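Below you will find the structure I want to go over with you.
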Amino acid sequence: MPFKSSPQKFNAAINTVEIGSGDKKIVLGGECVYPLYAFDAPIENKPVVGIEITDLGVETFADCIKEYYAGATTLGEIAAKAAAAEGASFVTLTFEGADPIGENKSVEECVAAAKEVADAIDLPLVICGCGNNEKDVELFNAVSGALEGKNILVMSAKEDTYKTVAASAGLAYGHKVGAESAVDINLAKQLNVLIGQVGVNAANIVMNVGTAAAGYGFEYVVSAMDRIEAAALSQNDNMLQMPIITPVGSQAWGVKESLVSEADMPAWGPQEDRGVNMEVCTAAACLASGSNAVILRHPKSVATVAAFIDALM
Amino acid sequence: MALTGIEIFKLTPKKNCKECGVPTCMAFAMKVAQGAVTVDKCPYFSDEALAKLSEATQPPMKTITVGEYKLGGETVLYRHEKTFVSKTLYAVKVCEKDPNCEEALANMGNVDYERIGERMYVEFAYVNYVDNKEKFLELVTKAKEAGKTIILGCKCPEVAKEALAITGKDVILNGATAENYAAMNEVATAAGCVLGVRGENIDELYDTVAALEAAGNKNLVIDVTLPTIKEAFAAAVQLRRAALKEENRTAGYPTIVDISNPKYAADATMQEALATLFTMKYGSIVVMSGMSYAQALPLYGLRQNVYTDPQKPMRVEPGIYELNGATPDSVCALTVDFALSYFTISGEIERSGVPCNLLIPDAGGYSVLTAWAAGKLGAGSIAKFIEEADIENKINNRTLIIPGKVAVLKGEMQEKLPNWNIVVGPNEAVQVVKFLRDL
């Protein structure tokens, strides 16, 4: 008697959200099955991998990542090189240099950087702020205006900033809005509701529900995403059916395992291997929990995770 | 699915004889349903009723024991539903055909470290047989001498028998197929070891398991290494789901997945991605071609996270943690023993590069505000910790940074610890780097 399989296909589905335009646009979401369960029902829009650069180029990244960009001097050249990485479906530009306690670059400089990157690539663009709410609100507004028509994703609208970010990026300039919450299903849902109340259509929202590097409280990430997927699919909760995007690189390259030099920890081996494995492991775990897109830094991680997704589709 | 109290009540003799120690049969049935008493306390159940009850009270997924390790026994598909119980274990594969197999076996012990009270190492040596019996048996002997728990990858009953004579019963004989299962069953049963079932697709695996069960062997694991990764992942998920959701007990065995095959993974980095996938979703043993520190550090960390009981937060040992080469003259900072708080704060302190003695009192494993609200982190308990841990003799510096969220403790702490300069730190971990550098 053969094995009786009961495919777990739901009547509900994750929303589809398009970013970018033309042949290279990406479509996130649309699946009516649990993450990566392509054997239950076809997953039309496979999860995608993005590659991250900053407005400072890759200056603050680990040396092993910089090597890939050798020869690229302008931000535009760096962006083009990033877009050419095997497996990359979109580029993420993080305005690290805008941070008031760092380089404190002006909004005008950020807009110029965003334009330079957007002009250099034909892949969809996702932008991330510096983490300072006041500055981010200002620069998101300016960058959204400058890139009107590019259909970018603006990350992130948070509890404290969603009103202005959703109104400018989402309503005034018609971009996609990233709703950023901190590893909790209720916070994620509440923020989606609030952004919806500003007037942004649910189909224009992507969630960043937060993450951690593998080993650093990742159980909370797993459980938050497991519950969000369950609510979205088995309970048809419209306010949690937004696709999920997860910035993995910034977390993975910020933990001890990726930062300690080989000289300090000879038994651990080359730093590059450790960083790449931390990034790949965290990304695979996020994808298995429900991310529709992950943002990575090292080209080797990008290629590996893209191949990993392909093998499961 | 377990029977409800009412369903059990229908099977009871309904005599209310009290011999079971409970006033009525109804009350007894309710206790059985909760698992508070076992059915054998009632002497009057009919054989038929007992058979029905024992079938219903069997766990949906079997726990299989191999030496010191336990596999399976899971009751939920998602950790937030209750908890996972048997963590994924890792094996490194050595094959007699590989000229470097002895080196690979020796390297298996390289990764061995402790992380939050858990020893991290490769649990199993997967010794694979192709056609050179002498070399295989030699490798099995070496693996045994190295103290590894062994998985024998061997489909030949005669060779398996000789290998089992070397290893004893605490191994997995991974080699029963649709063709050889009867002979392999005999060898495994005679040796008293766990038998692994292999096949070309999920139906074949399932049929072979059913045939072995019919022959009376339920000491099994299922090898879901199918021709493609997609099929392997599908099999791991579908079997676990069938076992837990549909009470299909023939599907309720732990799984092995061998990702060392170059068809699956072109390199070690791809193996890391696949090992992660099967750690998250339903692989009981993941077989890899090697385990470096670069692979182990994220993977074991992830496993430790995923397999913690959601009801019991991970804790670190109270004490002094010297970060960035701190000496007795370096500044002190304090946080709680909740593992996530510790990791976040210690990570930020390490990023700052400022030498710092991180003091961790016993705060019940709660986060800062929860511990404070629960009375587990107060001026009194901190002062007591500083005294009991003999910190004033171990550390010369008298500046103590406390979490910004419990700034309210400053006054009372200053009173209780008059020799110390109590400094209120930032509210959020991300501000720690700047705070310490500016200090």
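Letters go in sequence order (proteins before strands), and every chain restarts at 1. Keep in mind it's a predicted model, so treat the numbers as computed, not measured.
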Exercise. Name the member of A:Ile101, A:Leu287, A:Val276, A:Val260 that forms the most heavy-atom pairs with chain B at distances under 4.5 Å.
Key: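 The candidate making the most pairs under 4.5 Å is A:Ile101.
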Quiz prompt | Contact class of B:Arg115 relative to chain A, heavy atoms under 4.5 angstrom | solution =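 Answer is side chain: those atoms of B:Arg115 sit under 4.5 Å from chain A.
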Quiz item: Which bit of A:Pro7 comes within less than 4.5 Å of chain B, counting heavy atoms only: side chain, backbone, both or neither?
Solution: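 Contact with chain B: backbone only.
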Quiz item: Looking at A:Glu257, A:Arg227, A:Met265, which makes the most heavy-atom pairs under 4.5 Å with chain B?
Solution: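 Option with the top pair count is A:Arg227.
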Exercise. State whether the number of non-hydrogen atoms from other residues, nucleotides or ligands found under 6.0 Å of B:Glu114 atom CD is greater than 12.
Key: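 Correct, the count exceeds 12.
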Practice problem: Please determine if B:Arg241 and A:Asp40 form a salt bridge, counting it only when a charged side-chain N lies under 4.0 Å from a carboxylate O. | Solution: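 Looking at A:Asp40 together with B:Arg241, the answer is yes, because their closest N to O distance falls below 4.0 Å.
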Quiz item: If you count heavy-atom pairs under 4.5 Å with chain B, which of A:Leu312, A:Val280, A:Val221 comes out on top?
Solution: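 Looking at each of A:Leu312, A:Val280, A:Val221 in turn, A:Leu312 comes out on top.
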Quiz item: What residue in A:Leu259, A:Val305, A:Asp226, A:Asp273 has the most heavy-atom pairs under 4.5 Å with chain B?
Solution: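 Of A:Leu259, A:Val305, A:Asp226, A:Asp273, A:Asp226 has the most heavy-atom pairs under 4.5 Å with chain B.
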Quiz item: Does any heavy atom of chain B fall under 4.5 Å from the side chain of A:Ser5, the backbone, both, or neither of them?
Solution: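 Side chain only.
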Quiz item: By a 4.5 Å heavy-atom criterion (distance strictly below it), what part of B:Phe338 contacts chain A: side chain, backbone, both, or neither?
Solution: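 The answer is the side chain of B:Phe338.
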Practice problem: Could you tell me whether B:Glu213 atom CD has more than 12 heavy atoms of other residues or ligands within 6.0 Å of it? | Solution: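 Yes - once you tally the heavy atoms of other residues, nucleotides and ligands closer than 6.0 Å, there are more than 12.
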Quiz prompt | Residue pair B:Met270 / A:Ala311: nearest heavy atoms and the distance that separates them | solution =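 Scanning both residues completely, I find the closest heavy atoms to be CE-CB, 4.4 Å.
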Quiz item: Between B:Ala242 and chain A, which part of the residue has a heavy atom less than 4.5 Å away: side chain, backbone, both or neither?
Solution: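 It is the side chain, since no backbone atom gets that close.
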Self-check item: Structural part of A:Val255 lying under 4.5 Å from a heavy atom of chain B
Solution: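 A:Val255 has no heavy atom closer than 4.5 Å to chain B.
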Practice problem: Measure across A:Asn277 and B:Ala294 and return the closest heavy-atom pair with its distance rounded to 0.1 Å. | Solution: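 For A:Asn277 versus B:Ala294, the nearest heavy atoms are CB-O, 3.1 Å.
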Self-check item: Sub-4.5 Å side-chain heavy-atom contact between A:Phe308 and B:Leu274
Solution: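 Side chain of A:Phe308 against side chain of B:Leu274, heavy atoms only: contact under 4.5 Å found.
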Quiz item: Measuring heavy-atom distances to chain A, does B:Ala273 have an atom under 4.5 Å in its side chain, in its backbone, in both, or in neither?
Solution: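 Contact with chain A involves both backbone and side-chain atoms of B:Ala273.
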Quiz item: Distance from A:Met278 atom CE to B:Glu272 atom CD, nearest 0.5 Å?
Solution: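 With rounding to 0.5 Å, CE (A:Met278) is 9.0 Å from CD (B:Glu272).
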Exercise. Before accepting this row, confirm whether a basic side-chain N of the pair A:Lys300/B:Asp267 lies closer than 4.0 Å to the acidic partner's carboxylate O.
Key: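 Salt bridge present between A:Lys300 and B:Asp267.
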Quiz item: How close do B:Met280 and A:Ala285 get, heavy atom to heavy atom, and via which atoms?
Solution: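 Scanning both residues, the minimum pair turns out to be CE-O, 3.4 Å.
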Quiz prompt | Backbone N/O of A:Lys256 and side chain of B:Arg351: donor-acceptor pair under 3.5 Å | solution =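 No, B:Arg351 side chain to A:Lys256 backbone: no donor-acceptor pair under 3.5 Å.
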Quiz item: Got a second to check how far B:Leu277's CG is from A:Leu36's CG, nearest 0.5 Å?
Solution: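 If I round to the nearest 0.5 Å, the distance is 6.5 Å.
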Practice problem: Any chance you could measure A:Lys4, atom NZ, to B:Tyr206, atom OH, to the nearest 0.5 Å? | Solution: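 The OH atom of B:Tyr206 is 9.0 Å from NZ of A:Lys4, to the nearest 0.5 Å.
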Quiz item: Should A:Phe39 and B:Val237 be marked as a side chain to side chain contact (heavy atoms under 4.5 Å, CB included) after you check the CA-CA gap, both sets of side-chain angles, and the distance that decides it?
Solution: CA-CA 10 Å; A:Phe39 47 85; B:Val237 173; 3.6 Å; yes
Self-check item: Closest non-hydrogen atom pair, A:Tyr220 against B:Leu340
Solution: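 Taking every non-hydrogen atom into account, CE1-CD2, 3.6 Å.
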Quiz prompt | Which portion of B:Ala296 sits near chain A, non-hydrogen atoms under 4.5 angstrom | solution =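 No part of B:Ala296 comes within 4.5 Å of chain A.
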Practice problem: With a 4.5 angstrom heavy-atom cut-off, could you sort out which part of B:Lys434 is near chain A: side chain, backbone, both or neither? | Solution: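 Interface part for B:Lys434: side chain.
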Quiz item: How many angstroms lie between atom CD of B:Gln238 and atom OH of A:Tyr37, to the nearest 0.5 angstrom?
Solution: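 Rounded to the nearest 0.5 Å, the CD-OH separation comes out at 10.0 Å.
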Self-check item: Geometric cation-pi criterion, B:Arg79 with A:Phe218: 6.0 Å, 45°
Solution: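 No.
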Quiz item: Which value, rounded to the nearest 0.5 Å, describes the distance between B:Leu239 atom CG and A:Phe3 atom CZ?
Solution: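 So the CG of B:Leu239 and the CZ of A:Phe3 are separated by 5.0 Å.
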Practice problem: Using non-hydrogen atoms and a 4.5 Å limit, figure out which bit of B:Glu246 sits close to chain A: side chain, backbone, both or neither. | Solution: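 For B:Glu246, side-chain heavy atoms alone lie under 4.5 Å from chain A.
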Exercise. Please report the shortest heavy-atom distance between B:Asn305 and A:Ala214, naming the atom on each side.
Key: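 Scanning both residues completely, I find the closest heavy atoms to be OD1-C, 4.2 Å.
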Quiz item: Which residue out of A:Ala307, A:Gly269, A:Ala38, A:Ser6 racks up the most heavy-atom pairs below 4.5 Å with chain B?
Solution: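 Looking at each of A:Ala307, A:Gly269, A:Ala38, A:Ser6 in turn, A:Ser6 comes out on top.
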Exercise. Tell me, for B:Leu205 versus chain A, whether the close heavy atoms (under 4.5 Å) come from the side chain, the backbone, both or neither.
Key: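 Contact with chain A involves no heavy atom of B:Leu205 at all.
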Quiz item: Side chain, backbone, both or neither: which part of A:Gln271 has an atom under 4.5 Å from a heavy atom of chain B?
Solution: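 Interface part for A:Gln271: neither.
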Exercise. Sort B:Ser292 into side chain, backbone, both or neither according to what part of it lies under 4.5 angstrom from a heavy atom of chain A.
Key: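 For B:Ser292, there is no contact with chain A at all, as no heavy atom is under 4.5 Å.
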Practice problem: Please look at A:Met313 and chain B and tell me whether the side chain, the backbone, both or neither of the residue comes under 4.5 angstrom of a heavy atom of that chain. | Solution: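 Backbone only.
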Practice problem: Evaluate the criterion side chain to side chain contact (heavy atoms under 4.5 Å, CB included) for residue pair B:Tyr113 and A:Trp268; output intermediate values, then yes/no. | Solution: CA-CA 11 Å; B:Tyr113 64 104; A:Trp268 280 10; 5.9 Å; no
Quiz item: Of the backbone (N, CA, C, O) and the side chain (C-beta and beyond), which part of B:Asn248 lies under 4.5 Å from a heavy atom of chain A, both, or neither?
Solution: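 Answer is side chain: those atoms of B:Asn248 sit under 4.5 Å from chain A.
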Quiz item: Rounded to the nearest 0.5 Å, how far does SG of A:Cys281 lie from CG of B:Leu302?
Solution: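 Reported value, rounded in 0.5 Å steps: 4.5 Å.
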Quiz item: Given the options A:Ala283, A:Ala303, A:Ala213, A:Ala288, which has more heavy-atom pairs under 4.5 Å with chain B than any of the others?
Solution: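 Of A:Ala283, A:Ala303, A:Ala213, A:Ala288, A:Ala288 has the most heavy-atom pairs under 4.5 Å with chain B.
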